[in-house]
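Scroll down for the structure; my scribbles are underneath it.
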Amino acid sequence: FPVTIRLNPSLMSDNGVAENTYRLGVEQVFELGGKRQKRIAVAKAQQTVLLSTIALQLLALRTETRKAYTEAYTAKARQQALLDIVTTTQALLRISQQREQAGDIALLDVLQTDIELANAQNELQSAIVAVQQAQTKLNALLNLPLNTTLNLTLPTTIATLPSVEQLQLQALQHRPEWQHLQQQLLVTEQQLALAKANRTPNLKLAGGFDKTTGEGGKQSVFAMGSLELPLLNRQQGPIAEALAKQTQLLAEQTALQQQLLLEVTAAHHAWHASQQRLELYETNLLPKVTTIKEKSRRSFEVGKAPIVTAIHAQQALVNTQLGYLQAVQALQSAIGQVEEAIGTNL
């Protein structure tokens, strides 16, 4: 780094024709007060600030990738659910046509089933486009060829999160913004130390060959030294600037700490609500509507229920499945929110 480089020596020449004196030597400035070490400390602190910025970008990328993966999975699951509905509706249409020909039901029921099938097929086509778009977005984030087909599985969940207090402690340990601010404070401290060190004057020494010509001329060596008197410039400006920056960062630190605690609390509550919603779908809603849909279909097949009952039950299943997929997506979003809030992986 440039800050670690020592000062170069200078070649000097002091010649006086009238006195027949010629001098040739080397001049070197020696930094006092630990200036070089303090410049190195400032550079290292600035490097750490940059690393914390990179960590922040990586965390944002992880969150975006999680979101894209979940969107791709739910789009694929929605496509499969609609495909199942199309298959089931086609079976209902065949049965309704057979029963209409036998005189058991009216032609209106057949037409209604046919319309339901057309709607399901239309939604399926939209779902296919959504899957392609979601997969393309995920492949782009993963730096894969856009036409790559990935085998997506249900995103993992977390059964139990640590307490809010534990997450808040993790946030203060790992959150990139917090680390970034701490490193900025360290940079300011090092800059303040460097500004104070710069008040110490540098020592300038010179030495070399001295030759006098003419009558009685002789040869010898010379040595000179100089030291700046720190009377006018006492680094008041840089010191005041560093102190003002330090005060500003300390105020930002207090505000950021409060913000982090609030974000962790909100993320924890969002996860808890999403987890409960998903469990409700898995343990209650999905099993019930699946059972109702199967019973309604069988009742229609044996003539115990009208076609509208089977269609409504089927639509209820579709809505519940889509609601379940939204719950899956919401939970993954909540997990990402928690990880963003604490600044690290769960």
Side-chain angles (χ1 to χ4, degrees), residues 67-138 146-147 149-155 274 276-333:
K67 180 181 178 182
Y69 182 94
T70 306
E71 288 177 352
Y73 170 80
T74 53
K76 188 69 175 179
R78 181 175 181 270
Q79 177 186 348
Q80 185 59 50
L82 291 172
L83 180 60
D84 293 341
I85 293 302
V86 168
T87 303
T88 303
T89 308
Q90 287 173 339
L92 286 176
L93 180 60
R94 287 194 299 269
I95 295 171
S96 63
Q97 288 172 341
Q98 293 170 359
R99 292 188 59 190
E100 190 271 334
Q101 292 175 359
D104 293 338
I105 61 174
L107 179 60
L108 181 62
D109 291 336
V110 178
L111 295 176
Q112 187 171 2
T113 309
D114 196 16
I115 292 174
E116 189 68 22
L117 175 60
N119 289 333
Q121 290 173 333
N122 185 48
E123 290 185 13
L124 178 60
Q125 291 302 315
S126 299
I128 293 174
V129 174
V131 168
Q132 294 172 345
Q133 292 175 341
Q135 288 183 339
T136 299
K137 179 180 178 181
L138 179 59
L146 297 183
N147 59 351
T149 301
L150 299 174
N151 183 22
L152 305 178
T153 59
L154 180 66
S274 299
Q276 287 187 325
R277 182 185 176 196
L278 186 65
E279 290 175 355
L280 177 63
Y281 273 103
E282 292 177 338
T283 60
N284 192 348
L285 295 177
L286 275 175
K288 287 183 178 179
V289 295
T290 302
T291 301
I292 292 173
K293 179 251 184 185
E294 290 299 325
K295 288 184 176 181
S296 299
R297 182 181 60 83
R298 288 196 297 267
S299 296
F300 169 71
E301 290 175 355
V302 299
K304 293 184 178 180
I307 186 63
V308 68
T309 301
I311 291 176
H312 287 171
Q314 185 169 273
Q315 190 60 49
L317 175 61
V318 172
N319 293 336
T320 305
Q321 288 175 328
L322 296 181
Y324 169 73
L325 294 176
Q326 289 177 352
V328 170
Q329 197 163 344
L331 180 58
Q332 291 301 315
S333 176

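Source: prediction; values computed, not measured. Keep in mind that the numbers below use all heavy atoms, side chains included, and drop hydrogens, waters and symmetry copies.
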Legend entry - pair Gln79-Gln132: side-chain heavy atoms closer than 4.5 Å: no

Inset, instruction - Please assess Leu152 against Leu138 for the test side chain to side chain contact (heavy atoms under 4.5 Å, CB included), listing each intermediate value before the final yes or no. - result: CA-CA 11 Å; Leu152 305 178; Leu138 179 59; 4.1 Å; yes

Inset, instruction - Verify side chain to side chain contact (heavy atoms under 4.5 Å, CB included) between Gln321 and Gln80, making sure each step is shown before the conclusion. - result: CA-CA 11 Å; Gln321 288 175 328; Gln80 185 59 50; over 6 Å; no

Legend entry - Full working for side chain to side chain contact (heavy atoms under 4.5 Å, CB included) between Val302 and Arg298: CA-CA 6 Å; Val302 299; Arg298 288 196 297 267; 5.8 Å; no

Inset, instruction - Report yes if the side chains of Val318 and Leu322 come closer than 4.5 Å at any heavy-atom pair, otherwise no. - result: yes

Legend entry - Under 3.5 Å: donor-acceptor pair, side chain of Ser299, backbone of Lys295: yes

Legend entry - Smallest separation among heavy atoms of Ala72 and Ala134, with atom names: CA-CB, 3.6 Å

Legend entry - Heavy-atom side-chain proximity of Val289 to Lys293 below 4.5 angstrom: no

Legend entry - Flag, side chain of Arg297 to backbone of Gln314, donor-acceptor distance under 3.5 Å: no

Legend entry - Short side-chain donor-acceptor distance under 3.5 Å, Asn119 and Glu123: no

Legend entry - Non-hydrogen side-chain atoms of Thr153 and Tyr69 separated by less than 4.5 Å: yes

Legend entry - Close side-chain approach of Lys67 to Thr70, heavy-atom, < 4.5 Å: no

Inset, instruction - Using the side-chain contact (heavy atoms from CB on, under 4.5 Å) rule, pick out the option among Ile307, Ile95, Leu93 that qualifies with Val110. - result: Leu93

Legend entry - Candidate pair Arg78 and Thr74, rule side chain to side chain contact (heavy atoms under 4.5 Å, CB included), full reasoning: CA-CA 6 Å; Arg78 181 175 181 270; Thr74 53; over 6 Å; no

Inset, instruction - Grab the two heavy atoms, one from Phe300 and one from Ile105, that are nearest each other, plus how far apart they are. - result: CZ-CD1, 4.4 Å

